[in-house]
2 protein chains.
Amino acid sequence: MADVARLAGVSVTTVSHVINGTRPASQRTRDSVLAAIERTGYRPNTIARALARGGTQSLGLAISGLSNPYFTDVVAAIEAAAGRAGHTLLLGDTREDPEHELRIVRALAERQVDGMLLAPTVGALEHALPYLESQGVPTVLLDRFVDVPLDQVGCDNEQPTARLVEHLIDKGHTRIAMAIGIPGLSTTDERVRGYRGALERGGLAFDPGLVAEGHSQRDAARDAMHTLLELPDPPTAVVSGNNFMTIGLLRAIAERGLTVPDDLALVAFDDFEWADLFAPRLTVIRQPTTELGSRAVELLLSRLADPDRPPRTERLEAMFVHRNSCGCTGPSPALQLRAQPSKA
Amino acid sequence: MADVARLAGVSVTTVSHVINGTRPASQRTRDSVLAAIERTGYRPNTIARALARGGTQSLGLAISGLSNPYFTDVVAAIEAAAGRAGHTLLLGDTREDPEHELRIVRALAERQVDGMLLAPTVGALEHALPYLESQGVPTVLLDRFVDVPLDQVGCDNEQPTARLVEHLIDKGHTRIAMAIGIPGLSTTDERVRGYRGALERGGLAFDPGLVAEGHSQRDAARDAMHTLLELPDPPTAVVSGNNFMTIGLLRAIAERGLTVPDDLALVAFDDFEWADLFAPRLTVIRQPTTELGSRAVELLLSRLADPDRPPRTERLEAMFVHRNSCGCTGPSPALQLRAQPSKA
DNA sequence: CTGTTAGCGCTTTCAG
DNA sequence: CTGAAAGCGCTAACAG
């Protein structure tokens with residue numbers, strides 16, 4: 001920058017100002033500065049600027065399972081929204097482990113992110129959250145809700161899950177199992193509540209023996225499903241608590257030579273981009289991933305703009321996507337697909 | 001930090017040194033500094049440290065299609081490898097557009113990343129690459145190869161694609177179509193070369209009419225497949241150039257009421273985590289995504305350690321995964337799945 | 001074993 | 001309309 005100033009025959013102050021357009025300068029000086037920048041190949045040092053200004057124009061994102069297609073979409077949306085607002089993303093994976101989450105969150109905070117987007121783990125209340133609070137880092141929670149006065153955005157879980165279960169009840173099922181996620185996560189708890197509520201309203205008793213502890217993971221769900229299928233009176237239908245577990249359940253079912261939906265109906269939380277190419281096509285709840293990501297960023301930006309506004313909690317609506325794994329013979333793939341023409 | 005020093009009754013120098021363990025200090029001072037840090041809730045300012053040290057301990061990653069499951073795995077691997085080495089990731093999406101790629105790369109460079117990981121777009125040679133070169137940013141290229149003296153790591157494309165095609169030829173197919181990706185990308189070109197080579201060796205003429213320009217995209221592939229299927233003499237087999245296009249091809253096929261592999265055989269580049277749950281189970285080439293990501297990071301770290309070592313180009317091997325969409329009746333899902341027991 | 005001090009590259013008062 | 005100079009929070013000679 002000193003080079004530029006020298007070459008343009010002005011002070012660094014002026015260079016700074018023309019770069020940032022932060023105060024008027026004569027046409028001539030502006031031109032010569034710009035020219036000098038060009039000639040020197042000058043690249044502004046964001047790090048130094050951040051130090052001087054006390055703001056980095058970057059946001060931290062701490063999330064679990066970067067390879068979860070659900071979160072992938074969310075991350076993409078966040079990256080886009082952040083980019084639009086001139087912010088960069090710093091990324092960390094919590095590994096769904098409170099200790100590691102704290103490490104990640106701390107690393108991001110020490111890199112002076114202006115704000116933090118966090119999909120809190122079960123232990124966040126004891127680790128990451130107190131840290132963020134003590135450090136005064138503007139934070140918005142994502143996907144999972146926690147009982148703290150912070151901005152939060154996630155999807156509705158209870159009602160959509162109930163909807164899934166009700167559909168199975170309507171079709172005459174009475175032994176309906178559920179693969180549940182990590183206990184303690186609001187998403188898990190709410191989905192379980194939706195499941196139990198629907199059973200109750202349908203006049204069916206809740207049977208703990210029909211709950212498969214899938215821990216949101218593929219292989220755990222698969223193992224649990226095997227156990228369920230070995231029951232003397234196995235379930236005739238199963239609802240999956242998330243996409244990973246859906247894979248596990250399908251595996252277990254296939255491994256026993258059973259077929260969905262003939263031998264067992266299956267409905268699931270989380271859509272796949274190719275859920276309609278599976279055999280059978282999956283009936284699922286689709287979460288508004290893109291909206292979730294962009295709303296989270298909007299919330300964070302608005303908090304940065306106004307640190308004192310009261311925290312907001314937003315609940316996004318999920319969508320029931322009716323296909324065939326529930327046992328219904330829906331529209332043929334061809335018809336359904338034609339109904340949503342390509343963008344190209 | 002001044003606070004800490006005051007509270008501990010030492011100089012900031014000492015504080016700095018005990019934090020970084022960069023020079024010996026007496027047990028007593030060390031303890032009191034640590035205690036002071038604890039009491040003040042002091043959080044080191046990485047930004048300031050970076051400015052003083054001239055290094056940020058962060059790496060830039062510019063890649064296209066963050067939501068592409070293939071890249072997702074790569075990103076996850078990179079994040080892990082970078083984290084292990086104490087680096088954070090700054091993330092940007094090139095959108096497969098050279099202009100945007102330059103913007104992203106510039107943003108990352110201005111944030112003083114220590115090095116850059118880049119999956120170059122077709123226009124990188126005219127935009128991003130010259131910029132990186134002029135700014136002297138240590139860079140490793142990822143996934144796609146470009147003819148420049150930089151570290152590069154990607155997969156073998158030609159031979160695996162040929163393998164796919166040969167398999168179809170072995171099964172008696174003579175009208176074999178291919179959905180190809182973005183022209184100009186080394187991955188696309190190499191896969192096309194593999195396709196043509198295999199045809200030739202199999203005594204089949206290359207027919208440009210059987211090439212579907214899928215541009216690596218789902219919907220373009222779908223449209224192109226429809227066109228192909230309307231041919232008077234349509235293909236009896238198709239090879240997909242990447243995962244997105246596979247989805248598009250399958251859609252088009254389903255939309256015409258055709259079945260894989262009975263009406264049409266399909267083999268594809270890129271595996272899916274649930275490719276064996278599709279109907280039919282997909283015969284694919286699986287790329288070593290995790291290895292790709294970690295090798296890329298290793299290359300970059302080694303370049304940072306030794307800026308003058310000659311550039312290296314590494315080619316990773318891909319794997320032929322034989323399932324049923326090619327028309328073979330492989331092992332039953334149950335058998336195959338049991339053969340690879342869960343980690344749990 | 002510890003402290004003083006001069007920067008890192010930029011922004012931003014405060015004075016012209 | 002423009003400059004001088006004081007920091008932002010930390011590191012690393014250099015000196016003791």
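Numbered from 1 within each chain, the chains take letters A, B, ... in sequence-line order.
One atom, CZ of B:R49, and another, P of C:dG9, lie 18 Å apart when rounded to the nearest Å. Summarising the geometry, the separation between CD1 on B:I47 and C1' on C:dG9 is reported as 13 Å, rounded to the nearest angstrom. Distance, A:L51 CG to C:dG9 P: 12 Å, rounded to whole Å. Look at CE on A:M1: it is 11 Å from P on C:dT12, rounded to the nearest Å.
Over its length, the helix from C:dC1-D:dG16 to C:dG16-D:dC1 turns its helix axis by 40°, as judged from the five terminal pairs at each end, rounded to 10°.
Residue pairs meeting the side-chain hydrogen bond (donor to acceptor under 3.5 Å, both in side chains) criterion with at least one member in residues 118-132 of chain B, sequence neighbours excluded, are B:E101-B:T121. Listed by first and then second residue, the side-chain hydrogen bond (donor to acceptor under 3.5 Å, both in side chains) pairs involving residues 34-46 of chain B are A:Q135-B:R43 (not counting sequence neighbours).
Under the 4.5 Å side-chain criterion, counting only non-hydrogen atoms from C-beta, A:S302 is in contact with A:R312. A:S216 has its side chain out of reach of A:F244: every pair of non-hydrogen atoms, C-beta onward, lies at least 4.5 Å apart. Side-chain atoms of A:L90 and A:L61, non-hydrogen and from C-beta on, never get closer than 4.5 Å to each other.
B:V15 comes within contact range of no nucleotide atom at all, as no heavy-atom separation falls under 4.0 Å.
Residues satisfying the side chain to side chain donor-acceptor pair (under 3.5 Å) criterion with B:D97, sequence neighbours excluded, are absent altogether. Residues passing the salt bridge (charged side-chain N to carboxylate O under 4.0 Å, His left out) test with B:R144, sequence neighbours excluded: B:E96. Under the side chain to side chain donor-acceptor pair (under 3.5 Å) criterion, A:S58 pairs with A:T56, sequence neighbours left out. Partners of B:R6 under the salt bridge (charged side-chain N to carboxylate O under 4.0 Å, His left out) rule, at least two apart in sequence or in another chain, are B:D3. A search for salt bridge (charged side-chain N to carboxylate O under 4.0 Å, His left out) contacts involving A:D151 returns A:R303, A:R309, not counting sequence neighbours. Not counting sequence neighbours, the partners of A:R315 by the salt bridge (charged side-chain N to carboxylate O under 4.0 Å, His left out) test are A:E190.
The one candidate from B:V153, B:L142, B:L117 that meets the side-chain contact (heavy atoms from CB on, under 4.5 Å) condition with B:L300 is B:L117.
No donor-acceptor pair closer than 3.5 Å links the side chain of A:H87 to the backbone N or O of A:G115.
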Enumerate all atom pairs, one protein N or O and one N or O from nucleotides 4-7 of chain C, separated by less than 3.5 Å.
residue, atom, partner, partner atom, Å
C:dT4, O4, B:T13, OG1, 2.7

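Taking 4.0 Å as the cutoff to heavy atoms of chain A, we find the contact window on DNA chain D bounded by D:dC1 to D:dG9.
Within residues 16-36 of chain A, the residues that have a heavy atom under 4.0 Å from DNA chain D are, in order of number, A:R23, A:P24, A:A25, A:S26, A:T29.
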